[in-house]
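Written below as structure tokens is the structure these notes are about.
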Amino acid sequence: MGSELDERIRANLNLYAVLQNLEDLVQLDSEMAAKTKNWDVTIQFSVNGGPRAYLAFKNGVCTHGRGRHENPSVKLFFTSPKHLNAMLDGKARPIPLKGFTKLGFLSKEFMPLAGRLAYYLKPEGGLLEDENFLKINTILTLHTALFAVGELAALEPVSKHLAAHMGDGILQVEVPPEGPYVALHLDHGAVSVTKGKADNPKARMIFKNLKVANDLLNDRVDSFRAVAQGDIALKGHVPMLDNFDLILDRVRAYLS
Amino acid sequence: MEAEVSPPKILAEHGEPVMKTYEYKESLALFKRAAEVIPCGIYGHYSPAPFIPVDAYPFYSRRGEGARFWDVDGNEFIDYMCAYGPMVLGYNHPKVNEAYQAQIKLGNTLTRAPKLMVELAEYFVDLIPMADWAFFAKNGADVTNYATMVARSATGREKIIAINGGYQGSAAWMQAIGHPGVIGDDQKNIIRVDWNDYAALDRVINEHPGQIAGFIATPYHHPVFADSEWPAEGYWQKVEKLLRKEGIVLIIDDVRTGFRLDMRGSSEYFGFKPDLVCFCKAIANGYPISALVGTEALKNPTAKVFYTGSYWFSAGPMAAALACLEELRQIDGPKRMLQMGKKLCDGLVDIAKGHGYTLKATGAPSMPYLRISDHEGLMFHQDLCGECTKRGAFFAPHHNEFLSTAHSDEDIQRTWDIFDDAFKATKQRYGV
């Protein structure tokens with residue numbers, strides 16, 4: 001990886017698949033909930049030749065959105081997708097275009113929040129043995145994966161081809177009964193993602209528990225074996241499930 | 001072809017399901033052992049994954065007899081998958097087994113080619129009108145792959161046209177882009193067009209002048225997870241004419257359909273003449289052998305293409321093939337399977353109708369693709385097939401079913417009874 005297209009894909013994954021997790025993080029992690037409770041700030045990320053997204057914090061709620069916010073309090077500009085990716089790897093700095101007075105907030109308040117996200121998404125040691133950590137990690141990883149599938153289906157040639165063969169309708173990925181539930185909405189190869197239960201899914205991938213979901217998402221389990229042993233139940237339109245699994249493999253390669 | 005809906009012969013009785021259902025404890029225990037030492041536990045087309053719901057199906061079989069097999073838990077099934085097609089006369093068929101055993105006593109894989117190979121090739125040439133020669137291998141993909149090599153050798157061209165959603169085996173070029181282990185270069189010379197789309201085929205040929213070596217397709221379209229599609233009126237005749245004009249080799253993949261439509265090959269059924277035809281599944285009632293047959297014009301180009309395998313000269317399967325094909329010919333196996341398949345499908349359609357549902361049966365009745373069409377997606381149909389299987393009628397929810405000449409009226413009556421009870425159970429689950 002490293003081509004212009006790969007950088008663009010990574011930038012989209014970072015802004016649209018990874019960053020959206022902050023919505024859930026401030027709800028799931030009590031420390032982060034307390035930290036962001038009184039924030040009233042909107043951060044716009046704009047990448048030249050790449051994605052645009054914003055994060056709005058208000059009344060203890062974080063909202064992630066694609067595109068341009070009407071009135072952000074901070075505007076961060078990146079000269080290229082590569083620049084954004086380098087910043088997220090800790091190897092570059094953004095160019096602030098608005099909100100110079102908030103730069104201290106960014107480094108002292110926002111970056112620890114981003115660091116907390118990395119703490120959950122890249123667990124070290126035996127953290128996954130903790131039940132609550134496992135739950136948060138699984139929810140965030142699942143959301144990341146599904147949003148990333150949508151991005152790859154839009155940008156990456158092989159994933160585009162696979163998505164085009166998934167058929168139209170809804171694929172729901174779920175860990176019943178408590179969740180999470182996430183739905184991929186497919187329409188002629190275009191993929192969008194919603195959190196929560198969906199009506200009338202055409203295909204369902206049902207995990208027996210959070211541990212099984214976590215193992216599959218992190219490629220620690222043979223999915224065929226898990227299906228045969230009843231740890232993962234599949235229902236409905238199999239090409240949708242098959243091609244989803246194939247794109248998921250490619251997501252892992254990009255996010256690794 | 002859709003099965004005709006005839007007046008209900010069986011009136012579905014509404015109410016509670018009453019049949020006892022199977023459990024698969026031994027299958028699951030065996031699978032757990034397998035998963036430790038075999039990738040996926042069970043790989044390839046025998047993988048449990050597409051048999052949804054997985055817990056409705058056995059994983060392992062112990063024995064078979066006639067149209068039935070028994071799993072490792074001792075459960076008995078009327079088999080509508082027929083080992084994905086190879087079982088065509090019924091499991092443990094005495095004539096085929098005797099021929100095989102007699103040859104095995106003489107020798108199987110010996111140092112020089114078996115005499116039987118000549119007899120079998122002569123048999124194919126006599127049986128299949130378009131065939132001037134025959135070549136033997138083991139699996140369907142051996143000969144579909146070889147056919148493309150022959151086409152390339154004969155034409156000096158590189159590209160092969162295939163059908164979207166068609167299946168010619170599991171070699172890298174035959175798989176879809178994006179599957180693990182398949183790289184872009186594997187697909188570089190494969191161009192896919194939609195089934196029955198003559199205009200697309202014509203366009204692709206025009207876009208690649210002098211580059212197309214062959215066109216490979218099944219006699220009718222029988223994809224997985226989707227209805228089968230018959231060739232449009234005149235399709236094959238137009239295709240044959242176009243390919244002749246362009247010097248492109250017409251390859252028919254008769255691996256699944258061969259000897260279930262017509263003993264002379266499915267191209268005879270549809271009235272056209274291919275250059276190469278690939279046979280496999282129904283040749284020897286489960287003994288491993290496949291065949292590529294071709295026209296005189298392609299005999300020398302084929303002779304030049306080196307292609308072989310360690311067990312391709314085993315005499316036992318050749319003896320089984322001679323016995324199986326002769327038995328199929330004598331009893332007109334394809335006609336019997338088409339008739340019994342139609343009878344089965346008509347009854348199933350009627351029962352579904354009695355329950356207020358539409359069962360769509362497409363493809364040849366000897367290998368029908370079945371689908372409850374009232375629900376979008378396959379969930380209801382998957383549950384229905386699972387309930388049937390748990391009651392002793394093995395139906396696949398993702399693939400066409402198969403009939404054999406061993407399926408009897410009693411088997412079909414029993415299947416209808418099971419289907420009715422399974423319908424009640426499935427409706428109960430869906431609250432309807």
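Below, read A as the first sequence line, B as the second, and so on, with proteins coming before strands; counting in each chain starts at 1. Note that the structure is a prediction, hence the values are computed from the model and not measured.
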Considering only heavy atoms, which portion of [X] lies under 4.5 Å from any heavy atom of chain A: side chain, backbone, both, or neither?
X	result
B:Leu28	side chain
B:His179	both
B:Phe51	neither

Notebook entry, point to check: Can we say B:Glu387 and B:Arg391 salt-bridge, meaning some charged N sits less than 4.0 Å from an Asp/Glu carboxylate O?
Noted result: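 Judged by the 4.0 Å cut-off on N to carboxylate O distance, B:Glu387 and B:Arg391 do form a salt bridge.
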Check: So does A:Arg225 pair up with B:Glu36, basic N to acidic O under 4.0 Å?
Finding: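 Here A:Arg225 pairs with B:Glu36 in a salt bridge, since their nearest N and O are under 4.0 Å apart.
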Next item on the list: Would you mind telling me which of A:Leu246, A:Asp249, A:Val158 has the largest number of heavy-atom pairs within less than 4.5 Å of chain B?
Entry: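 Top count of heavy-atom pairs under 4.5 Å with chain B: A:Leu246.
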Side chain, backbone, both or neither of [X] within contact of chain B (heavy atoms, under 4.5 Å):
X	result
A:Ala203	backbone
A:Ala233	neither
A:Leu234	both

Next item on the list: Could you please spell out the steps behind the side-chain hydrogen bond (donor to acceptor under 3.5 Å, both in side chains) verdict for A:Arg10 and A:Asn14?
Entry: CA-CA 6 Å; A:Arg10 280 192 63 214; A:Asn14 280 323; 5.5 Å; no
Next item on the list: Return the orientation label for the B:Phe69 and B:Phe77 ring planes: parallel under 30°, perpendicular over 60°, tilted otherwise.
Entry: parallel
Margin query: Parallel, tilted or perpendicular: which one describes the rings of A:Phe78 and A:Phe45, with boundaries at 30° and 60°?
Written below: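 Parallel.
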Check: Heavy atoms, side chains only, cut-off 4.5 Å: are B:Asp421 and B:Ile418 in contact?
Finding: no
